[in-house]
There are 2 protein chains.
Amino acid sequence: MDKPAPRRVTIVDVARHAQVSTTAVSKVLRDAYGASPAMREKVRQAIAELGYRPSAAARGLRGQTYTIGVMLPELRNLFFADILDGITAQLGDSPYQVLLAPGCNGEKAEARVIDAMIDRSMDGLVLIAPVSAKKRLTEVARSVPTVVVGRHGSSPAYDSVTDDDIAGAALVVDHLVGLGHRRIAHIEHHETDRVRLAEMPNAQRADGYRQAMTAHGLHAEIDIASTSYTQAGGYLGAQQLLARPVRPTAIFAGADVVALGALEAIAEAGLTVPGDISVAGYDNSALAAFGPISLTSVDQDGRQMGAAAARLLIDRIGNRDRRTAQVKLSPTLVVRRTTATA
Amino acid sequence: MDKPAPRRVTIVDVARHAQVSTTAVSKVLRDAYGASPAMREKVRQAIAELGYRPSAAARGLRGQTYTIGVMLPELRNLFFADILDGITAQLGDSPYQVLLAPGCNGEKAEARVIDAMIDRSMDGLVLIAPVSAKKRLTEVARSVPTVVVGRHGSSPAYDSVTDDDIAGAALVVDHLVGLGHRRIAHIEHHETDRVRLAEMPNAQRADGYRQAMTAHGLHAEIDIASTSYTQAGGYLGAQQLLARPVRPTAIFAGADVVALGALEAIAEAGLTVPGDISVAGYDNSALAAFGPISLTSVDQDGRQMGAAAARLLIDRIGNRDRRTAQVKLSPTLVVRRTTATA
DNA sequence: AAACATTTGGAAAACGTTACCCACATCACT
DNA sequence: AGTGATGTGGGTAACGTTTTCCAAATGTTT
């Protein structure tokens with residue numbers, strides 16, 4: 001009953017069936033120059049009749065694999081999922097297939113995953129919020145077309161797509177100042193590495209906060225709790241801020257989870273939101289949109305970022321020598337129920 | 001300044017550098033028989049010195065690609081993410097690399113993705129909650145080792161890992177009956193296809209509900225609203241149930257999102273949970289655990305399911321002719337604040 | 001009609017591995 | 001000494017594509 005696994009249909013079979021050379025079939029497959037319309041039709045029909053599918057492995061040995069690798073640090077982050085949606089949507093009817101490598105949190109895992117993708121001769125890489133050293137990224141980008149998403153700073157080797165975190169922080173501060181707040185505090189993710197201090201979004205948000213405060217003449221009111229972008233970090237940061245001699249009337253958390261932790265600490269201190277304190281987050285995650293929470297938050301258009309990354313990548317695959325580009329998108333503020341007049 | 005991209009280090013370079021044959025290097029790479037410890041050491045050193053990495057494309061042409069493909073229908077579903085964690089954890093220090101194909105909702109997209117994985121000569125496939133026809137799955141499994149996760153029913157071609165949804169439903173019913181409830185209603189995902197009716201988890205949950213009710217002598221109280229596994233479906237389903245001549249005192253929703261919709265409808269009807277009505281969900285998602293919601297829910301150990309799937313797959317890659325296995329795990333009930341005495 | 005450009009099609013050499021042999025040396029028994 | 005068995009190492013033909021070439025046919029200009 002069990003047939004001995006019918007041998008794979010290859011390009012040779014197609015060529016024989018269509019009575020042409022394998023070269024001809026290859027040309028049709030790749031839409032390459034040097035095949036008449038008549039031959040194209042003949043070959044296409046043979047392909048359909050035989051149900052032929054090209055082997056990516058064999059292709060990879062000589063030419064392209066038509067595979068795009070995407071690395072993202074955390075599957076559970078909905079923002080990253082949005083970016084991915086944007087990428088796949090953009091690549092929807094291209095011949096490229098997107099493959100994802102899971103579990104890339106930490107520099108070491110990241111390196112491993114990137115190597116794995118290069119080993120598999122992927123045609124292009126999208127690295128979302130990579131933490132590797134810049135030198136390493138540059139090396140990678142030299143060996144395969146690469147787009148870096150969510151990390152500021154430009155490189156001669158790779159294109160990058162970012163959201164304007166400085167502008168995002170300013171949106172929040174402007175909004176709060178507009179509501180009459182002056183003592184606006186910020187909870188940031190603690191960062192020591194020098195390059196990351198310049199390139200990572202968290203650092204940019206803190207910077208944007210400082211700049212915006214200064215622009216409003218509130219330089220003296222700048223107050224930052226330096227913890228981490230986690231719920232616990234938010235809890236801790238808010239506790240610190242609430243213990244200040246003069247309590248802030250508004251807290252700008254660097255991420256939605258941080259805001260969540262802050263809300264917890266505030267409630268625990270017997271204060272109300274937004275009655276006593278306004279709170280704003282960043283990322284506009286599902287968490288923020290969720291009814292009972294209803295958090296004012298900065299929205300980055302992940303889908304658009306993904307689409308932009310995909311466009312840049314395909315473009316670069318076609319022309320590896322063009323100058324690198326930096327795409328910067330603008331965030332928007334989504335006002336909900338955690339912010340109100342001071 | 002830009003060097004002309006130094007040619008890739010190949011197995012030939014390694015062989016030359018270690019002064020052995022390429023065969024020897026290949027043997028060392030694959031831990032194959034026929035290489036002395038001394039030679040192994042020599043080769044390993046050469047590999048390290050040259051920074052050699054095998055090309056997966058070339059490997060795929062003759063042997064294995066050391067790549068496992070995972071298909072999952074929805075990235076945003078945290079339960080799926082847990083399964084994936086289990087897979088990657090199990091495969092952590094194996095030579096296999098896991099790659100994910102995103103965006104496989106719907107039979108058509110699913111087919112496309114599976115084909116893409118086969119084209120890339122992956123060594124094994126894990127299909128999570130696939131919707132394809134059984135015949136198609138069998139075909140796929142015949143051409144590449146496959147494990148199906150989250151779909152009941154056995155096959156001679158593929159291994160499967162499921163959670164016991166019938167037992168899960170019984171857990172909920174038992175719990176509610178224990179609290180004194182008798183009028184326990186269920187919101188199911190409407191299903192028409194015959195095979196799916198037997199194999200899909202949603203159908204099993206509804207079945208389990210019926211069986212458990214009957215076992216408790218509550219056959220006459222069985223009451224099902226047939227909508228869909230979405231928040232809107234839960235909202236609608238609860239509305240229907242609340243309009244019954246005799247209102248249920250408890251609602252067992254087939255999934256957490258469904259329960260969320262139900263909660264909304266109940267609140268809108270001016271009723272309280274769990275005062276007037278108890279509500280239980282299924283999946284124990286982050287949603288359920290979230291403080292303000294605190295939903296009683298059935299927990300499936302996704303990590304364990306993933307790990308089991310990975311084990312089965314590796315095993316089958318090693319021995320393609322062994323009989324297929326069906327692993328069935330037991331769910332547990334997590335009681336929270338949405339269920340109470342009738 | 002000659003000279004040249006363009007189109008059409010194919011032959012054959014890569015690409016980097018692995019699998020299947022075969023050869024030789026060594027060792028343990030008869 | 002002869003016979004296997006075992007261990008060690010390598011030669012070489014695949015694997016299924018793409019990429020150079022090159023030749024012949026056809027079209028276009030002088």
Side-chain angles (χ1 to χ4, degrees), chain A residues 5-44 46-47 50-67 95 118-123 143-144 317, chain B residues 5-44 46-47 50-67 95 118-123 143-144 317:
Chain A
R7 207 179 45 79
R8 227 191 130 82
V9 176
T10 77
I11 202 175
V12 181
D13 300 320
V14 175
R16 192 167 27 223
H17 191 257
Q19 314 209 50
V20 296
S21 69
T22 59
T23 305
V25 179
S26 176
K27 282 176 180 169
V28 173
L29 283 174
R30 292 172 296 122
D31 269 326
Y33 177 86
S36 64
M39 182 164 87
R40 293 198 120 80
E41 195 34 52
K42 219 169 24 168
V43 171
R44 256 193 262 282
I47 289 178
L50 268 51
Y52 164 77
R53 295 192 59 94
S55 147
R59 287 183 136 179
L61 219 45
R62 279 304 264 163
Q64 306 187 42
T65 57
Y66 298 96
T67 309
I118 295 179
D119 292 347
R120 283 160 185 76
S121 6
M122 300 202 168
D123 294 339
S143 86
V144 49
I317 289 174
Chain B
R7 207 179 47 79
R8 223 191 135 81
V9 176
T10 77
I11 204 174
V12 181
D13 301 320
V14 175
R16 191 167 28 225
H17 191 256
Q19 315 209 51
V20 295
S21 68
T22 57
T23 305
V25 179
S26 175
K27 282 175 182 169
V28 173
L29 284 173
R30 290 171 298 123
D31 268 325
Y33 176 86
S36 64
M39 184 165 84
R40 294 198 118 81
E41 195 34 53
K42 214 167 32 166
V43 171
R44 258 192 260 281
I47 289 178
L50 269 52
Y52 162 78
R53 297 193 57 96
S55 146
R59 287 182 137 183
L61 219 45
R62 281 301 270 166
Q64 306 186 43
T65 56
Y66 299 95
T67 308
I118 295 178
D119 293 346
R120 282 157 186 80
S121 6
M122 301 203 167
D123 295 338
S143 85
V144 49
I317 289 174

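Values in this document were obtained by computation on a predicted structure and should not be read as measured data. Below, chains carry the letters A, B, ... as their sequence lines are ordered, and counting in each starts from 1.
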Would you mind reading off the distance between A:R120 atom CZ and C:dT17 atom P, rounded to a whole angstrom? 13 Å

Search all heavy atoms of B:A46 against all heavy atoms of B:A18 and return the closest pair with its distance. CB-CB, 3.6 Å

Readout for nucleotides 14-22 of chain D: B = base within 4.0 Å of protein heavy atom, S = sugar-phosphate only, - = neither; 5' to 3' it is BBBBBB---

Taking only N/O atoms, report every protein-nucleotides 23-25 of chain D pair under 3.5 Å with atom names and distance.
none

By side-chain hydrogen bond (donor to acceptor under 3.5 Å, both in side chains) - contacts of A:T22 (at least two apart): none

Nucleotide C:dC15, atom P - distance to CG of A:D119 in whole Å: 19 Å

Between atom CZ of B:R53 and atom CG of A:D119, what is the distance when rounded to the nearest 0.5 Å? 4.0 Å

What is the distance, to the nearest angstrom, from the CZ atom on A:R40 to the C1' atom on C:dT7? 12 Å

Can you give me the closest heavy-atom contact between A:Y52 and A:V9, atom names plus distance? CD1-O, 3.4 Å

Could you tell me if the side chain of A:M122 sits less than 4.5 Å from the side chain of A:Y66, heavy atoms only? no

Does OP1 or OP2 of D:dG9 have a side-chain N or O of B:S36 closer than 4.0 Å? yes

For the backbone of B:A35 and the side chain of B:R40, can you confirm whether one donor and one acceptor N or O come within less than 3.5 Å of each other? yes

Can you tell me if B:R59 and B:S55 form a side-chain donor-acceptor pair at under 3.5 Å? no

Atom CE of A:M39 and atom P of C:dT8: how far apart are they, to the nearest Å? 9 Å

Can you name the closest pair of heavy atoms from B:T65 and B:R120 and give their distance? CG2-O, 4.1 Å

